[in-house]
Structure formats: structure tokens, C-alpha cells
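First the structure, in the form of C-alpha cells, and then the observations on it.
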Protein chains: 2
Amino acid sequence: MKYKLLENPNIEEMYDLIEEGLRKKAMINVFCCCKVIYEGRALSQLDFGERMILLKPDGSFLIHQERKVDPVNWQPPKSRTRTFIKDNTLFLESHRRSPKERLEVEIKKTHFVNYVLVEDYQELEIAGYEKDMGDMIMKHPHMIEEGFKPTDREYSTEHGFIDILGKDKEGNLMVLELKCRKAGINAVKQIRRYLTDFKEEENSNLENTGNEKKKVRGLLVAPSIGEDARELLEEENIEFKSIDPPKELKNDKKVTLDIF
Amino acid sequence: MKYKLLENPNIEEMYDLIEEGLRKKAMINVFCCCKVIYEGRALSQLDFGERMILLKPDGSFLIHQERKVDPVNWQPPKSRTRTFIKDNTLFLESHRRSPKERLEVEIKKTHFVNYVLVEDYQELEIAGYEKDMGDMIMKHPHMIEEGFKPTDREYSTEHGFIDILGKDKEGNLMVLELKCRKAGINAVKQIRRYLTDFKEEENSNLENTGNEKKKVRGLLVAPSIGEDARELLEEENIEFKSIDPPKELKNDKKVTLDIF
DNA sequence: GTGTTGATGTCGGAC
DNA sequence: GTCCGACGTCAACAC
């Protein structure tokens, strides 16, 4: 089951659902009246009130009040969450090893609780660094290889945006994925998804037109690449080009600002 | 009604529920597959994936992925949220006036959506940071050393605010810089800047008045100090006093008792 | 409003 | 691990 939800659960139901969610590494969401105690780098307490609690599969633990972007209390990723019942009351507890920190949530009344098995393979693309790299390649396509001609930027597909689309000197389609830092396995998976799309298209074109076969080349562009990423890359017949991102424009700007 | 919840809603149902939640200033929670575009101080895009969206009555807008404490995209309090349907697709949009920022969420598939009218009158009581440390020292100056008398708090200088200014039992000026965590090299540099100011002043006073020379002592107060910081400290003849920040809540559980 | 500073900052990268 | 810098930092407070 992809998700599970309970309205006005009793303590045992709620305990079971949260335990199940934790076991399955789901996102768990609790709307309840609770009291919170935190001990660690600082010390805090928050008396009973209605809040939203969010437990993430990476161990993150967030308690949100009705205002502000930041959670009122939280624990970082890799914290360990535990549930227990004491005096007919459900508690959530989160421990962090180092620095030693503890979060304790006493739950009085729950409106509803749910967990969801989340599928999210996308990473945030933020303009700035990577954008600069794209700008540079659009301006100097020979950096990729002789005869490379970029045709599209941020080309939209069903699986997401392709950073740069172009053709090599033979006329083969090239799908470029840019990373401004060391490329990980996710970068390779990403480019693989794009390629799947294009290869399907390519095959149907072939059937229709009988043209001579053009290849679709996947090319990962990054300053370096991780070991696991390299493996998948070779397996999938994707190419890799090592290019450093253009030297920081941000710093230059900041220096200028500091001067004034 | 205190809350409302829909599983697998269709677009119109979802639109209505969110509009109702916005009108009633509720906390709104959406578990869905969505795509996010942000334009403002930076520029970002996040392709389709499953996430949790949280809209708060103060205008805050959070999009949480399955990892990290921080939301992947967000808008701050006082942003204005708008919903609209285009091409049979539901969009959430959030505008901020200044700086001009826009967040656009395209929703593909929603697992469930709910709103809750939250009642939370409590504020976080927190202890263990720099202000508490300053309070403690002002209240118990002997913690620094016998005969220490603080004279000013947040004393303004050309280079910034001195946390605590005072005099030792000999009448020498003391410049205290407080850190509630392990002090790094920056803390030492900071105190060094303040000292430079005072020593210049001291010298000009000497010339003018011919008074006997009083020293200016710099004192870094922190629970501990890093190695590089220690080096610069000794080089600059700045002193160090190890003090842990107080971790006592002011109204220690009294609030709870008062309520009953 | 603009500006400055502290924070359980968080997060990522380098050593 | 620890240290160091960047961040759409956020949020509180002063001016």
C-alpha cells in the first residue's frame, strides 16, 4: 500500500501506524496537540498546542507551528526516532548521537496521522553555478568536442528538463547533463531516463521513415565523477566529459560589494 | 468544522478545499506529485516528484522532499498564495512583494489534501544561547573573576557591538566577547578589532591627560576554544575564560502549573 | 522599510 | 570525524 491514513486514531492504532511508517521508511505526518521538550546544544520547552509533525525517512524530525518557515523544534537527518506509550500517552522521541541531542514529544490529541511512501528522484536545479556552466558551453561548444552544435537549452521532456540538447558533427543527437560538482549516481540515472525517451522516439522514427540510423549519445559533463556513477555510466554506454565550472562569479560580486 | 480531509481528490474538489482552507486561515497540507519553479533572489526548478506541501495561515509556503530539515522550496510569511486551474491542471502560486519572488507548483497527482484550523497559543521557551550567557554574567560578574564589574552591555563601537564592557578590580578596562559555542578564529579576530579601537583611544587619552597607564584587557568567554583560535589569542595577548552557557528555562514549568 | 546579528542555524565540501 | 564557508539562509531587533 502506497499510503495509510487514520482520523481520530486511538493510541494503539496510532502507535502501530507510526511504527509501520518508520519501518517502511515513509514520510509520516501527524496533526495533533502536543508538548515538546528539547535538550541538546540548547534547551527548550513548548507547552501543549496544535502542531504538525513531520518525520522523514532520512531521520529528520520537524514540528511546525502555524507560523514561520522554520520548524519550532526539529532534529536533523540521521537522528533516530522512537515511539513509546507511557501512562496511556503516546510519546515520540528522537535521538542524535553527536552532538548528543534529544527531542521528546508528548501527544495529547491527534486529529489525524498518515504515512506515505514517497517517490522522488529529482534534485533541485538552482541557477547560478550550473547555469554559468551551461552559458559557457553554449558559447564555446567546442569545449565538448569538435563539431558539437547545441540546439536547445532546458529542453522539456516527460522526465524533466535536459540541460543541453545538440548534435555532433555526424548529426547524432546529443543529450548533455551538466553538474557543477562531482557527479553522483543520480546524475547518471537522470540522463538514463532522458535517453530512454529519445531511444523510443528514435525507433519509431526508424520504422516510419526507414532513414539510416542515427545514434543518441548521452554525455555527462561535470568536473569529476564518483566511482559508483562511473560504473553505471559505462554499463549504460553514457559518455563523460570533465569540465570545471567557470570560476566563481559570486565571489567576485561579493568582494565588490564588500568594498563599498 | 475543525478540519477537512480528502483522499484522491479530483481537481475541483481539491481547488475548493484549498480555497476554503486559505479563506479560513487554516494549515493546509498536500501530499502530491508536483513540479516546482521558483524565480526571485535566485532561480530554480524541480521536476515532478512526490512531496509534501504545507501552507501556513501566515502565508508561509513550504515544499518538503523526503530528506533534509530544510524545505526544497519555500516562501516566507506574508507571501500571498493563489490557486488556479489551467489546462485541467491545478497550480499553486505564491507571490512575495519585496524582494519580488514567485513560486509556482504544478500538481499532477494528489494522494490527499487537508486543512486544519490550528489552535496554538504557546511560544517556545528556549535557553542556552548567547543572550542567556550575557544575562548570567551581568548577574554574577564574579564568574569572570573576583572584582570584575560590568559597566555596559552591547556597547557600540566603530567595529560593532562589544558584548560586555567592564572594569577589573584594578580599574583596567575589560572587553568581553561571548560565544555560546566553541570559539573559532573569527571570535578572536572580532575581539582584536575592538581592542585596537580602545588602545588607540587609550593612547590619545594618555597624551592629553598624562594619567597613569591603565591596561585594556580582552577576554573571550566561551565553553571551549579551537586550536587556531588559541594560537591567535596568545599571540594577541587576549585572555580566555571557559564558561558554559546556562541551560535553565526562565519559567521552569511554572507556566504549566499556572494553567491548571 | 533597511540593516545587522545570532542560530539547536542547515548543508555541503575539503582535509 | 572536524573545520570552514555559503545560503533564495530565517528571524528578531534596532533604527
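Lettering of chains follows the sequences in order, A, B, ..., and the numbering in each one begins at 1.
Summarising the geometry, the separation between CD1 on A:I37 and P on C:dT8 is reported as 17 Å, rounded to the nearest angstrom. Look at OH on B:Y38: it is 4 Å from C1' on D:dG8, rounded to the nearest Å. Rounded to an integer number of Å, the gap from CG of A:L62 to P of C:dT8 is 15 Å. Computed from coordinates, the B:K131 NZ to C:dT4 P distance equals 23 Å when rounded to whole Å. The CE atom of B:M133 sits 16 Å away from the C1' atom of C:dT8 (whole-angstrom rounding). Nucleotide C:dT10 holds its P atom 19 Å from the CD1 atom of A:I126, rounded to whole Å. Between B:E130 atom CD and D:dC13 atom C1' there is a gap of 14 Å when expressed in whole angstrom units. Here D:dG8 presents its C1' atom at 13 Å from CD1 of B:I63, a figure rounded to the nearest Å.
Using a 4.0 Å heavy-atom distance criterion, B:K182 is classed as a sugar-phosphate-only contact. Across all strands, A:E101 comes closer than 4.0 Å to base atoms (heavy-atom distances). Within 4.0 Å (heavy atoms only), B:Q75 reaches at least one base atom of the nucleic acid. B:P77 comes within 4.0 angstrom of sugar-phosphate atoms only, judged by non-hydrogen atoms across all strands, and of no base.
The one candidate from B:R102, B:K100, B:Q45 that meets the side chain to side chain donor-acceptor pair (under 3.5 Å) condition with B:E39 is B:R102.
B:K241 NZ to B:L220 CG: the interatomic distance, rounded to the nearest 0.5 Å, is 13.0 Å.
The environment of CZ in B:R82 is crowded: more than 12 heavy-atom neighbours from other residues, nucleotides or ligands sit within 6.0 Å.
Distances shorter than 4.0 Å separate some side-chain N or O of B:R181 from OP1 or OP2 on C:dG9. OP1 or OP2 of C:dT10 has at least one side-chain nitrogen or oxygen of A:W74 nearer than 4.0 Å.
For the P atoms, the distance linking C:dC11 with D:dA11 amounts to 15 Å, nearest Å. Atom C1' of D:dC7 sits at a distance of 14 Å from the matching atom of C:dA7, rounded to the whole Å.
Salt bridge present: B:R153 and B:D135 bring a charged side-chain N and a carboxylate O closer than 4.0 Å.
Residue whose closest nucleotide on DNA chain C sits further toward the 5' end, between A:S60 and A:R41: A:R41. Across the interface with DNA chain D, nearest-nucleotide mapping of A:L124 and A:S98 shows A:S98 to be the residue nearer the 5′ end. Closest-nucleotide positions on DNA chain C for A:G40 and A:P76 were compared, and the one nearer the 5' end corresponds to A:G40. Residues A:R67 and B:N73 each lie close to DNA chain D; by heavy-atom proximity, the contact nearer the 5' end of the strand is made by B:N73.
Between B:T89 and B:E106, the side chains place no donor N or O within less than 3.5 Å of an acceptor N or O (distance only, hydrogens not considered).
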